[in-house]
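Each chain gets a letter, A, B and so on, in the order its sequence line appears, and its residues count up from 1. Any value given below was found using the heavy atoms of this structure, including those in side chains, with hydrogens, waters and symmetry copies removed.
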Amino acid sequence: MGEIIRLTGVSKTYDTGKIQVQALKPLDLVIEQGEYVAIMGSSGSGKSTLMNILGCLDRPTSGQYLLDGQDVSDKSDNELSLIRNQKIGFVFQSFNLIPRTSALKNVELPMIYARVSSKQREARARELLEKVGLGERLDHMPNEISGGQKQRVAIARALANRPPIIFADEPTGNLDSASSVEIMEIFTRLNREEGTTVVLVTHEPDIAEFADRILTFRDGRVISDVKKKGQTKGEVTA
Amino acid sequence: MFLENVKLALSAIGINKMRSFLTMLGMIIGISSVIAITAIGSSIQGVVNRQFESIGRSAIYFYVNWSMVDDYVPSEALFSVDELQELKKRFEGELVYADPDVYVTSPVRVGNAEKKIRLDGVDAGYENFADVDIIYGRMINENDVKGARPRIVLEVNSARRLFGTENAVGGQVELVIDGEAVDFTVVGVYREKETIFNQISTSDDLYAYIPYSTAPEEADPTLYIYAFLAPDVDVAETALRITDWLAQMKGMPEGYYVYESALEQQNMINDMLGVVSVAIGIIAGISLLVGGIGIMNIMLVSVTERTREIGIRKSLGARTGDILMQFLTESMIISALGGLIGTVLGVGIAAIGMTVAGVGFTMNPLVIVIAVGFSAIVGMFFGIYPARRAAKLDPIEALRYE
Ligand SMILES: Nc1ncnc2c1ncn2[C@@H]1O[C@H](COP(=O)(O)OP(=O)(O)OP(=O)(O)O)[C@@H](O)[C@H]1O
Ligand SMILES: [Mg+2]
C-alpha cells in the first residue's frame, strides 16, 4: 500500500501578539494507506494542532505536507475546501452537527458541497445512517438524540463523499465508556472492512488500544511511535 | 445549489419568525407606501387625462390680457361674430372651430315645473371636436346657428329630469335669454363621458347646448373666443400667431390678447404629478435605504450567531462562494418577501382608497414584479457585506467560536 500522508519538517507556531507558541516542533511523519493510528499525549502537547493541519483546516507555519501525493501547503482556501470535501472526513469531540437540522440533512451536507443530486444525496445519507445504526432516527434533530448517537451521525457525515481518510479529534471525549466502545467499533470496522485510513486522538489508553499504531506527543514533539505486533519504529527526532 | 440556498434561507427565516418579520417591516412599509401612492397618483393622472380628453385636447381660449387693461375692456377690443368668421378664414386648416363662448344660466320651464339650466352656446360642428356623444336626435347644426333658431340639445340626465324620459326629442322647453322668454324645441339628447368631476360636483345641475346666435347679447360682441385647433398643429406656435394677428386686426398693442390651451394645461398638471412622483421616489429611496440597513444589521447578527455553523460547513468542504451565496440568498429572500408583502399591502390600500373615491382602479401587474425584484436587489446589496464577512471566516477560528 502507498503513502497517504507524508509530513516533512512540518511545524506550527501560534503568534498571539505578545508571545509566540510553537505548538508543533518540526515533524517528519508518514502514514500509509489503510493504517489505523491513535495519537496520545498530555493536554497542550499539540495533538489538535497536528490534526487540524492534517485535516487541511489549518496551514503549517513551515514544512511540506503531501496528502495522497498532492502538496497541500500551497493550496488556496477554495482548493483546500475541495480537498476537505473529497479526501477527508473529520469527526470532532463536540460532534459539530448543525443545529435545527435533521440527522439526514446533516449527513447530506458534504454531498451538497460536492454538487451531488438531491435524490442520490438522500439515498446515500439513508444508507450511511443505517450503517451506523441510526436508520430509525433519520428525521431527528441533534437536540433530540444522545451524545453517542450524535457522534454516529457525525461519522456518517464524515463518510458521505467516501473519503480515503478519517480524522477524529477525541471522538469519544464527550461519551461514556459504552458509547465510546460503540464508536470505536465503527472506526475499526471502517478500517478493517473498507480499508479507510483512520487517525484519531485520544487520552484514554484503552481507546488507543483499538488502533494498530500509537503516536505519543509531548511539548509539540512525537516522543514515541509504536506499531503493534511488536513492531516499533522507535524514537522520532526532529 | 440555488435551491438548497433558498431552502436554507427559508428555514433560517422560519426559525426566527418574529425577528425576520421585524426586519422585513422596513421594506414592507417602504414598498407599500410607494406602491399605494404611485397607484393613486397614476389613477388621478388617468382621471385628469380622461377629463381633458372629454374637453378636447386641442381646445383653446383666446381672451384679453387683463394686465394690459386699466379699468374696463374698451368696446373696440371685443370680437364681433364677423371678426370670428374672418379669424377662421385666416387660419383655415389650423383653427378648425371658433365660437363666442356663450355660457348662460337660465330658468327652464317644462309645463309647470321650473328649474335652472346651464346653457352652452355653440357653433355648428362642435361635436366633431368636443367629446359629445349624441344618443337621440342630432346636434346643433349650421341652419340652427345661421337662422338663430330656438333649438336645444339636452344632456341625458337633464332630459330625464325635465321630461321623465331620456328621449326628449320633439319636446318644448321655455328658456329666458337676454331677459326674454323663448320656447326652444329639443332636437337632440347627448351623453357626457363620466369623469370624476361631473360625477361629484355637478350631479344636480342641468345642461344643454343651444346655437350661440340665440343669445346675441352674449355672443356679439364677445370677450372670449372658444376654439379648437387642428390636432396636428404646434399649439404654442399657432396660438401665438393667432394672438398676434388678433392684436393687429384690432389695432391693439402686441400682447393684448392671450390664450389658454387644454393641452398645455394638461401638460402642466402632468408635470406637477411628475414632480410629485419624483418626490415620492426620493422618499421611497430613503425608506428602502433604511429597510436595507435594517437587513444588513440583522444579517450581521445572524452571521455572528452562526459563526460555528459556518465553521462546520467550511470543514465539510463549503467554499467561500458557497457561504457567500447562502447568506446573500437569505438577505435577498427576506427583502423580496418584505417587498412582496409590501406590494400586496400597497395595492390593497390603493384599491380601497380608489374604491372609496369612486374611481376605477387599474394597476399594471408589472409593478409587482418590479417591486419584488427591486427589493431583492436591495437585499442583495445590503447583504453583500455580512455575507462576505461570513464567507471569509477562517474555518478553525469559526469552529472554536463559542
Ligand atoms: N489558536 C491558538 N492560539 C494560540 N495558541 C494556541 C492556539 N491553539 C492552540 N494553542 C496552543 O498550542 C498548544 C497546543 O495546543 P493543542 O490544542 O494542539 O493541544 P492538544 O494536545 O490538542 O491538547 P488537548 O489534549 O487539551 O486537546 C497549547 O499550548 C495551546 O495553548
Ligand atoms: Mg486537542
Side-chain angles (χ1 to χ4, degrees), chain A residues 12 14 23 48-49 51-53 55-59 75-102 105-118 121-122 141-142 153-154 156-161 163 167 169, chain B residues 1-20 298-299 301-330 333-334 387-402:
Chain A
K12 179 77 188 180
Y14 291 110
S48 295
T49 304
M51 289 298 271
N52 290 340
I53 289 171
C56 292
L57 289 166
D58 209 353
R59 289 191 167 87
K75 298 276 190 232
S76 73
D77 287 354
N78 279 341
E79 285 168 328
L80 287 184
S81 287
L82 194 68
I83 290 168
R84 286 196 295 271
N85 187 243
Q86 298 294 315
K87 299 253 157 101
I88 293 168
F90 217 105
V91 177
F92 303 90
Q93 176 176 0
S94 51
F95 320 123
N96 276 343
L97 299 181
I98 296 198
R100 290 177 287 249
T101 304
S102 71
K105 282 280 163 199
N106 261 290
V107 177
E108 283 187 38
L109 268 178
M111 296 185 275
I112 289 178
Y113 295 120
R115 310 290 193 267
V116 174
S117 78
S118 73
R121 264 182 355 229
E122 206 195 304
M141 298 294 158
V153 174
R157 188 176 66 182
L159 296 174
N161 289 331
F167 296 108
D169 192 352
Chain B
M1 199 66 209
F2 173 72
L3 199 72
E4 284 309 316
N5 281 332
V6 171
K7 279 193 214 156
L8 265 177
L10 289 178
S11 90
I13 291 166
I15 286 164
N16 282 309
K17 281 192 197 69
M18 193 61 193
R19 188 164 95 182
S20 306
I298 219 68
M299 288 310 294
V301 171
S302 174
V303 167
T304 307
E305 277 178 353
R306 285 150 73 189
T307 300
R308 210 182 159 83
E309 175 192 323
I310 295 163
I312 297 169
R313 289 178 182 278
K314 286 202 148 184
S315 77
L316 297 174
R319 273 160 278 186
T320 312
D322 295 328
I323 302 292
L324 188 83
M325 282 316 293
Q326 180 189 339
F327 283 91
L328 267 190
T329 309
E330 189 172 323
I333 287 184
I334 290 184
R388 280 179 59 101
R389 237 168 98 151
K392 287 201 298 204
L393 281 175
D394 179 68
I396 282 287
E397 268 159 36
L399 280 170
R400 264 197 212 113
Y401 186 85
E402 296 295 315

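Proximity to chain B (any heavy atom under 4.5 Å) is restricted, for A/L109, to the side chain, taken from C-beta onward. When heavy atoms are compared at a cutoff of 4.5 Å, B/L3 does not approach chain A at all.
Between the CD1 atom in B/I312 and the CG atom in A/L97 there is a gap of 7.5 Å [rounded to 0.5 Å].
Shown here are the side chain to side chain contact (heavy atoms under 4.5 Å, CB included) partners of A/A158, two or more places apart in sequence or in another chain: A/V91, A/I166. Checked against side chain to side chain contact (heavy atoms under 4.5 Å, CB included), A/A160 has the following partners two or more places apart in sequence or in another chain: A/P110, A/M111, A/L128. Scored by the ring-ring contact (aromatic ring centres under 6.0 Å, His included) test, A/F92 finds A/F90 as partners (sequence neighbours excluded).
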Which donor-acceptor pairs sit under 3.5 Å apart between chain B and chain A?
| unit_1 | atom_1 | unit_2 | atom_2 | d |
| --- | --- | --- | --- | --- |
| B/E4 | OE2 | A/R121 | NH2 | 2.5 |
| B/R308 | NE | A/N96 | OD1 | 3.3 |
| B/R308 | NH2 | A/S94 | OG | 3.0 |
| B/R308 | NH2 | A/N96 | OD1 | 2.7 |
| B/R313 | NH1 | A/Y113 | OH | 2.9 |
| B/K314 | O | A/R84 | NE | 2.9 |
| B/K314 | O | A/R84 | NH2 | 3.0 |
| B/L316 | O | A/N85 | ND2 | 2.8 |
| B/A318 | O | A/S81 | OG | 3.0 |
| B/R319 | NH2 | A/Y113 | O | 3.3 |
| B/T320 | N | A/N78 | OD1 | 3.0 |
| B/T320 | OG1 | A/N78 | OD1 | 3.0 |
| B/D322 | OD1 | A/R115 | NH2 | 3.0 |

